[in-house]
Number of protein chains: 2
Amino acid sequence: MAVESKSDDAPSQPGLTRQALVQAALRVLEREGVNGLSMRKVAAELGVKAASLYWHVRNKEELLDLLTDELMADAEAPPREGGWREQLREYCVRYRRHLLGKRDAAKVVAGRLVPGPHLLRLMEDQLGRLREAGFSDADAAMVNYALGAFVQGFVLQEQGPLSASEAMGAGRREVATAAGEQLRRLPQETFPHLVALADALTGPSMEDRFSFALERLLDGLSTLLEQGSDVRKEGTPDE
Amino acid sequence: MAVESKSDDAPSQPGLTRQALVQAALRVLEREGVNGLSMRKVAAELGVKAASLYWHVRNKEELLDLLTDELMADAEAPPREGGWREQLREYCVRYRRHLLGKRDAAKVVAGRLVPGPHLLRLMEDQLGRLREAGFSDADAAMVNYALGAFVQGFVLQEQGPLSASEAMGAGRREVATAAGEQLRRLPQETFPHLVALADALTGPSMEDRFSFALERLLDGLSTLLEQGSDVRKEGTPDE
DNA sequence: CACTCTCCCTAACAGTGTTAGTCGATCCGT
DNA sequence: ACGGATCGACTAACACTGTTAGGGAGAGTG
């Protein structure tokens, strides 16, 4: 269950566990967003003063590391049905949906590459499927990393701060149409393509953009697999 | 030169221009990193107090927006030689190198999707090449977004905080080998693939990972282009 | 001269991460 | 049962942060 990295076990009831601390942080994150996530508020959530947290956690950074893994706690691997491509697609789609479901999750997770136990569980599962699909060991590892970085990067844009327009009362849709308007207004002589493609650039939803990029990436993986199974052997034909 | 979005021109010598402000921010960013980038320090860089900045800029967010575009000021498009694939690859490679060259650039840029003039210039150029290569308008727009998100997301991982280990004296290489050690120590029964692929997972450099993912993505684009030139003969399919 | 407008200032507010030092409670060995 | 250690919380403080309110020097214009 809980991973005790040190040799200290819980003697009595410390009142505050690292686990409780992380879950309090999770609640604050959900309620106030990543900018409102402060040590003092996490402490208050536990009925405790800020300085007490530093007994259980070295830094805010360390708390964020723990929080990062906790965000992956209820992520689920897709069912093992269909070919490798369907499974990988479902993996990415679910990962994206999962991150989108938690407030500011992408901003917390972004760039925090040391994997905690929950992420390790998912990696283990995905690596297994990649190997079964016929990817070489080196390729499987690469693909695993690439997919993770891809989804995280994508969701980060999606969940991002909307720039300064966020302060104004504009929602996402309004920003998109306003951006389209702005593009269309550009001087045609110097920006012919931007003007011509204004709709194509600002029209598609984030969902569309994600699907598009994902399918292209999966296409790339499938050509890799075909080349690989040429060289490799006869290989198991994919289902 | 300077783009005045409002109709206010500089009457006398304001001493502080938005431009000067942004470049001061750029210097502070380079010197102190994104965590050390504060309004007070930017002001001090200009020999001025913090409150004065709010005359020229609404928010720190707005300053970061301007800074984001300024970070793209000296980015260069690749030469127009070779096929579309070489050019796109070179685009991504240069973009990555450019971001890596500026301190914490990825963290500043991350999720700030409203493009400034410098980025627009690059987009215009890339869209032109995509259309010349034979991509449909819709596809060109999608590819443009996908490549940007891909590179940004990737560099963000790369430039990221290294997690809590950063506080310790460990460099990137040490972290990688330590992570490999940690993976190899996992219980084989529950994490067989992670143990088996420990080297494959932690060995490759960021450069390798980037190249790998990039080539897969380009493969995917090339299959799209092949299919597209088949189907695309006659009219526009939808909308 | 008076008036407005530009632009920077001081002062302050509320909040941040983090450290030092303290102090009660609980456990342990004697 | 007592002395001491250790756990686990506390108060106080430091050095910051973004941001606003209001003041006031200086220039341009009537």
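Proteins get letters first, then strands, A, B, ... in listed order; numbering begins at 1 in each.
One can place CG of Leu53(A) at 14 Å from C1' of dT19(C), the figure rounded to the nearest angstrom. Regarding Tyr54(A), its OH atom lies at a distance of 14 Å from the C1' atom of dA20(C), rounded to whole Å. Rounded to a whole Å, the CE atom of Met39(A) is 13 Å from the P atom of dA9(D). Distance, Leu21(B) CG to dC7(C) P: 13 Å, rounded to whole Å. Arg58(A) places its CZ atom 18 Å from the P atom of dG17(C), with the value rounded to the nearest Å.
Note that NE2 of His193(A) is 14.0 Å distant from CG of Leu183(A), once rounded to the nearest 0.5 Å.
In this structure, His56(B) does not reach the dT6(C) phosphate: none of its side-chain N or O atoms is under 4.0 Å from OP1 or OP2. Applying the 4.0 Å criterion to OP1 and OP2 of dC9(C), one finds that Ser52(B) has a side-chain N or O inside that range. Between Lys60(A) and dG17(C) there is a side-chain N or O to OP1 or OP2 distance below 4.0 Å. For dC8(C), neither phosphate oxygen OP1 nor OP2 lies less than 4.0 angstrom from any side-chain nitrogen or oxygen of Trp55(B). The side chain of Asn59(B) places an N or O atom within less than 4.0 Å of a non-bridging phosphate oxygen (OP1 or OP2) of dT19(D).
When distances run from any side-chain atom of Ala51(B) to the nucleotides dC9(C), dC7(C), dT18(C), the shortest one goes to dC9(C). Closest to the Lys49(A) side chain, of the nucleotides dC10(D), dG8(D), dT16(C), is dC10(D).
You won't find any donor-acceptor pair under 3.5 Å spanning the side chain of Arg40(A) and the base of dG15(C), going by distance alone.
In this structure, Glu181(B) and Arg184(B) have side chains that are in contact, with non-hydrogen atoms separated by less than 4.5 Å.
Residue contacts for Leu37(A): at a heavy-atom cut-off of 4.0 Å it reaches the sugar-phosphate backbone alone, with no base atom in range.
Closest approach of Val34(A) and Asp104(A) over heavy atoms only: N-OD2, 2.8 Å.
Ring-centre distance between Tyr145(B) and Phe154(A): below the 6.0 Å cut-off.
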Item checked: Check against side chain to side chain donor-acceptor pair (under 3.5 Å), Asn59(B) and Tyr54(B) -> CA-CA 7 Å; Asn59(B) 264 349; Tyr54(B) 289 84; over 6 Å; no
